[in-house]
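Sequential numbering from 1 along the given sequence is applied to the chain's residues.
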Amino acid sequence: MLMFAVVATLLPSLATVWVSYIENKRALQAKASEELLGVSAQAVREVDLWTKQLRYDLRVFSISYEVTENLERIPLANGEVVHSGIYYKRLTDYLNSVRDRFPDYSELLVLDQHGHMVATSAPRARPVPLPPDWASDLVKNDWALGAPYWDSTGTHAEMLVSVPIESARRGGRGAGGVHLLGALAARVNLRAVADTLRHFAPGDFGQIYLMTRTGRLIVSSRGSSRELMRQGFSRENANWLLTREGRAIQFGSFTGDRVVGSVRDVPALNWVVVSEIPATEAFQQVARLRNITLGIVTLLLAVLGALAYLLSLLIVRPLDRLTQAAAKVAKGDLDVGLPVTTGGEVGALTEVFNNMVARLRESRTELERLSVTDALTGLHNRLRMMEVLENEVRRSRRLHHRFSVVMGDVDLFKRYNDEHGHPAGDVVLKRVAAIMRESSRDVDFVARYGGEEFLIMMPETELEGAAEFAERIRRQLAAERLPAGHITLSLGVSAFPIHGDAPDQLIAEADAALYLAKRAGGDRVVAAARPKVAAR
């Protein structure tokens, strides 16, 4: 009877413990896979946004009057550009001014149609690493990307990005009679990309990095170096990873360690984002659960039949609830709470499980909040602003209502940072955010658009009312006496639907008005011009 009681207790208990172990292992593996796939997807979105912004900025600079007009007027001597004269100087001065305002550009260059350098923002000319198909990419894709490399000063990774410079004065390229004058190229510092990746590094010891499709490393969340860019995967291993894109898999990292990771493609750059965590870290909780399971089995083998039967009643039921709860968690249902009806290991395991689920719920809530909030100012971030703006456009189209968009930019913020330090600059951004939040209505939506730029969406507000609101903000900030000095604000205003019926159009019009305010000396409000009505 004693042996029967032991066997009768041991077999179902072992089965229950084993099922619990398997289900929890699956749940933990699913959690690790979900984290890896999530961070890699977020990193791809951020890198893609960075790429679009980079391309947009360069295209804006390339169509500038200072570039097209001066480039056409630079004289030639024996077929070569004359590196002197008023037009050459104007072009060089413009490149230097853009370079000063955009620290991610190590150097700005103007190239002719054959890739020869016409002007540069650098004091000394350096070789230009153009890809072999540079000219065809420039015409076909409207921009061209060079291979990433470590710069000659040995301080950072960079790449060469080129966009065409076109003139409509002479016919030639395209159906619209656009003539290709050359290209505007920038040596782009990849530090910002490395900083972005650092925010998405998974786990405690994981990393996320960019590499080419041939397996060569570019930058990592752990930083960038000349030695890092010399490492990578073999072409065979890189192809193996690419065939498993979008899945969480185990593989040998370029460091030789066994890792769990995921691979995602960045189409705009033809690069690959790889996120990975050590396999030991990924399955640490599984090993811990395995040890607890072995402890429970050892305890069951040591007890008497009667106690084994009694303990089986106290253990199997809670473990069965744990199994069912773990299955729900594995499917994404975090509304799970188990009662702690027993003490000992099972009660401790139930408490650990409840705490784990509670932390998962809190983490998910916090991640949702952080994903739409700017950490410095407490305002909504750009992603959330674009969602709200799209919703407002749809609502205003349906109801035939109007609203306005105000874009503000802190004047000479880089100089303020350089003179007083970044902590003082952070104080300025927080104060600007506070003034905008306090001055706006409950229905208005205030967000930090990026850097020192802010965006305000004002429902049911005409252009004139939004301009008056922007002027109040400008005056209030101008009257502020900050601890480190005085600061001013330039603002541009656009309205729906007179300046566009899409979010990008409204932002572009407000940004163009902001640019006019900046050009006029800053510390002012400029409303976008009303479109002229065509005569019937």
**Message:** Could you walk me through whether M407 and Y449 satisfy the side chain to side chain contact (heavy atoms under 4.5 Å, CB included) test, starting with their C-alpha distance in whole Å, then the side-chain angles of each, then the deciding distance to 0.1 Å, before giving a yes or no?
**Reply:** CA-CA 8 Å; M407 177 171 282; Y449 192 69; 4.0 Å; yes

What pairs of donor and acceptor atoms, side-chain ones from residues 125-135 against any protein atom, are under 3.5 angstrom apart with sequence neighbours left out?
{"unit_1": "R126", "atom_1": "NH1", "unit_2": "S152", "atom_2": "OG", "d": "3.0"}
{"unit_1": "R126", "atom_1": "NH2", "unit_2": "E107", "atom_2": "OE1", "d": "3.3"}
{"unit_1": "W134", "atom_1": "NE1", "unit_2": "S162", "atom_2": "OG", "d": "3.2"}

Scan [range] for pairs that pass salt bridge (Lys or Arg N to Asp or Glu O under 4.0 Å), counting only residues two or more places apart or in two chains.
| range | result |
| --- | --- |
| residues 249-262 | none |
| residues 383-392 | R384-E387, E392-R395 |
| residues 82-100 | K89-D93 |
| residues 198-210 | D195-R198 |

Is there a side-chain contact between [X] and [Y] (heavy atoms, below 4.5 Å)?
| X | Y | result |
| --- | --- | --- |
| W143 | V161 | yes |
| M229 | R216 | yes |
| V273 | W271 | no |
| I249 | L241 | yes |
| T212 | L217 | no |
| K518 | D409 | yes |
| T243 | E245 | no |
| Q207 | V274 | no |

With sequence neighbours left out, write down each residue that passes ring-ring contact (aromatic ring centres under 6.0 Å, His included) with [X], or none if nothing qualifies.
| X | answer |
| --- | --- |
| F233 | none |
| F102 | F61, Y105 |
| F454 | none |
| F200 | none |

**Message:** Going by salt bridge (Lys or Arg N to Asp or Glu O under 4.0 Å), name the residues that satisfy it together with R213, two or more places apart in sequence or in a different chain.
**Reply:** D265

**Item:** Verdict with supporting geometry, W50 and L190, side chain to side chain contact (heavy atoms under 4.5 Å, CB included)
**Value:** CA-CA 10 Å; W50 175 83; L190 298 180; 3.9 Å; yes

Presence of salt bridge, [Y] and [X], under 4.0 angstrom:
| X | Y | value |
| --- | --- | --- |
| R59 | D142 | yes |
| R448 | E453 | no |
| D426 | K430 | no |

Minimum heavy-atom separation for [X] and [Y], please, with both atom names.
| X | Y | result |
| --- | --- | --- |
| G246 | L37 | O-CD2, 3.5 Å |
| H486 | Y416 | O-CE1, 4.0 Å |
| V219 | S224 | CG1-CB, 3.8 Å |

Validation: residues 489-504 side-chain donor-acceptor distances under 3.5 Å, sequence neighbours left out:
{"unit_1": "S490", "atom_1": "OG", "unit_2": "D411", "atom_2": "OD1", "d": "2.6"}
{"unit_1": "S490", "atom_1": "OG", "unit_2": "D411", "atom_2": "OD2", "d": "3.2"}
{"unit_1": "S490", "atom_1": "OG", "unit_2": "D523", "atom_2": "N", "d": "3.1"}
{"unit_1": "S494", "atom_1": "OG", "unit_2": "L506", "atom_2": "O", "d": "2.8"}
{"unit_1": "H499", "atom_1": "ND1", "unit_2": "A495", "atom_2": "N", "d": "2.9"}
{"unit_1": "H499", "atom_1": "NE2", "unit_2": "A528", "atom_2": "O", "d": "3.1"}
{"unit_1": "H499", "atom_1": "NE2", "unit_2": "A529", "atom_2": "O", "d": "3.0"}

Ignoring hydrogens and geometry, is there a side-chain-to-backbone donor-acceptor pair from [X] to [Y] under 3.5 Å?
| X | Y | answer |
| --- | --- | --- |
| T120 | L109 | no |
| R45 | A43 | no |
| S221 | I208 | yes |
| N70 | E66 | yes |
| S234 | N237 | yes |
| E276 | S253 | no |
| T155 | D151 | no |
| N96 | T92 | yes |
| D112 | H116 | yes |

**Request:** List for me each residue that meets side chain to side chain donor-acceptor pair (under 3.5 Å) alongside R415, sequence neighbours excluded, and say none if there are none.
**Result:** none

[X] [atom1] to [Y] [atom2] distance, which is reported to the nearest 0.5 Å:
| X | Y | atom1 | atom2 | result |
| --- | --- | --- | --- | --- |
| Q231 | M211 | CD | CE | 13.5 Å |
| H83 | I74 | NE2 | CD1 | 7.5 Å |
| K414 | E452 | NZ | CD | 10.5 Å |

**Prompt:** Do N239 and R235 pass the side chain to side chain contact (heavy atoms under 4.5 Å, CB included) test, and can you show the C-alpha distance, the side-chain angles, and the key distance before you say yes or no?
**Reply:** CA-CA 6 Å; N239 290 336; R235 186 179 291 271; 3.8 Å; yes

**Donor + acceptor pair across side chains of S106, H156 (<3.5 Å)** = yes

**Request:** Apply the test side chain to side chain contact (heavy atoms under 4.5 Å, CB included) to residues M457 and D444: give CA-CA distance (whole Å), side-chain angles for both, the deciding distance (0.1 Å), then the verdict.
**Result:** CA-CA 6 Å; M457 191 272 292; D444 297 337; over 6 Å; no

